[in-house]
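Any value given below was found using the heavy atoms of this structure, including those in side chains, with hydrogens, waters and symmetry copies removed. In each ligand, atom 1 is the first atom listed, and ligand 1 is the first ligand listed. Throughout, numbering of the chain's residues begins at 1 and tracks the sequence.
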Amino acid sequence: MALILHAHPLSSCCWKVLIALYEQGTPFEQRMVNLGDADARRGFEALWPTAKIPLLEDDGAVVPETSIIVEHLEIHHPGPKPLLPIDEPVRLRARLWDRLFDLYVMTPMQRFIAELLRSEGERHVRTQQEALAALASAYDLIEARLGADPWAAGADFTIADCAAAPALFYAAIVQPFPPSHATLSGYFDRLMDRPSVRRVIAEARPWFSYFPLVGDIPQRFLADS
Ligand SMILES: N[C@@H](CCC(=O)N[C@@H](CS)C(=O)NCC(=O)O)C(=O)O
């Protein structure tokens, strides 16, 4: 098999690439990475030194970083519909939203959860407060700038939406959207209804008990509707 994705079903970053693969119907082998196991981590570090998931291997070539992985797939294993739009201004918009969701939603959401995973004595309340404030301003940005199109970059589902779905799924659990943010909520509901997104959620479900805020996961994600 040419494509191997090193991933974990609960990881938001892995969802981003899995959603892209499922959107395109690209065949691949998924290999579970357990970064909590010292031997597994060392072996994984030998592949790529940051030891972050996901990591793609394409016929032996190692491809790190989710946005680059999606772009690599688009170049070397294109599917039926481009996740990087052909039209350059639209492509730039897709890349911008991909960065916005990664840097301003995914990153503070992960920072908040990383603190939750520490023991109470080691937890930095200030870091958590800053992460929540960062999420609140990201929600405001999305609400103000997303526009009326169904997807982040326009009429079509793109790399930006692959990034948005996992980031917003976990962020909404950490900090629910304000009721005033109807555009953000409507976009979120469209994302959560997308078959590729439903599939990553279903695949993560057996692992939800390891998520520290499992009790806050909305009921609608706990079983197939
Ligand atoms: N910028 C990286 C972020 C990757 C990342 O942070 N992955 C997380 C999982 S969502 C990870 O590997 N966490 C484990 C660790 O940091 O040890 C990307 O987009 O690929």
Side-chain angles (χ1 to χ4, degrees), residues 3-23 28 30-58 61-76 83-84 94-119 122-124 127-128 131 134-135 138 152 158-175 191 196-197 199-201 203-205 207-208 210-214 217:
L3 286 177
I4 299 167
L5 187 72
H6 300 269
H8 190 283
L10 206 51
S11 148
S12 51
C13 308
C14 298
W15 284 18
K16 174 174 161 185
V17 170
L18 288 167
I19 290 166
L21 287 160
Y22 294 156
E23 283 290 328
F28 67 102
Q30 188 172 171
R31 287 203 191 150
M32 174 90 83
V33 180
N34 178 5
L35 290 171
D37 177 274
D39 283 344
R41 178 177 277 273
R42 261 194 300 280
F44 192 55
E45 269 169 6
L47 272 180
W48 186 256
T50 63
K52 296 280 183 196
I53 49 173
L55 188 71
L56 183 75
E57 277 188 89
D58 185 353
V62 171
V63 187
E65 293 295 319
T66 52
S67 301
I68 302 304
I69 295 173
V70 175
E71 295 219 22
H72 174 98
L73 290 168
E74 289 290 297
I75 294 168
H76 298 285
L83 294 172
L84 271 302
R95 283 207 174 107
L96 171 62
W97 277 109
D98 171 66
R99 297 294 69 233
L100 294 175
F101 286 118
D102 267 14
L103 297 173
Y104 302 102
V105 182
M106 188 90 90
T107 301
M109 172 278 287
Q110 283 178 329
R111 200 169 293 142
F112 184 91
I113 290 169
E115 291 303 320
L116 275 189
L117 291 169
R118 295 180 194 270
S119 63
E122 292 189 324
R123 201 168 286 160
H124 299 152
T127 301
Q128 287 188 303
L135 283 179
T158 68
I159 184 174
D161 308 299
C162 298
L168 290 173
F169 174 87
Y170 285 109
I173 296 167
V174 165
Q175 169 139 295
L191 285 170
S196 59
V197 176
R199 182 167 170 187
V200 291
I201 293 172
E203 289 170 354
R205 207 168 280 137
W207 300 88
F208 275 170
Y210 294 96
F211 177 57
L213 296 175
V214 58
I217 299 177

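Using a 4.5 Å heavy-atom threshold, the side chains of Arg95 and Ser67 count as separate.
Applying the side chain to side chain donor-acceptor pair (under 3.5 Å) criterion to Ser12, with sequence neighbours excluded, gives no partner residue.
The pair Arg111-Glu115 does not count as a salt bridge, with every side-chain nitrogen at least 4.0 angstrom from each carboxylate oxygen.
Other residues, nucleotides and ligands place no more than 12 heavy atoms under 6.0 Å from the OH atom of Tyr104.
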Quick one: ligand 1 N/O to protein N/O pairs below 3.5 Å?
unit_1, atom_1, unit_2, atom_2, d
ligand 1, 1 (N), Glu65, OE1, 2.7
ligand 1, 7 (N), Ile53, O, 2.8
ligand 1, 12 (O), Ile53, N, 2.9
ligand 1, 16 (O), Lys52, NZ, 2.5
ligand 1, 17 (O), Arg41, NH2, 3.0
ligand 1, 19 (O), Thr66, N, 3.3
ligand 1, 19 (O), Thr66, OG1, 2.7
ligand 1, 20 (O), Thr66, N, 3.0

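The ring of Phe211 has its center no closer than 6.0 angstrom to the ring center of Trp207. Aromatic rings of Trp15 and Tyr170 (six-membered ring for Trp) have centroids within the 6.0 Å cut-off, being under it.
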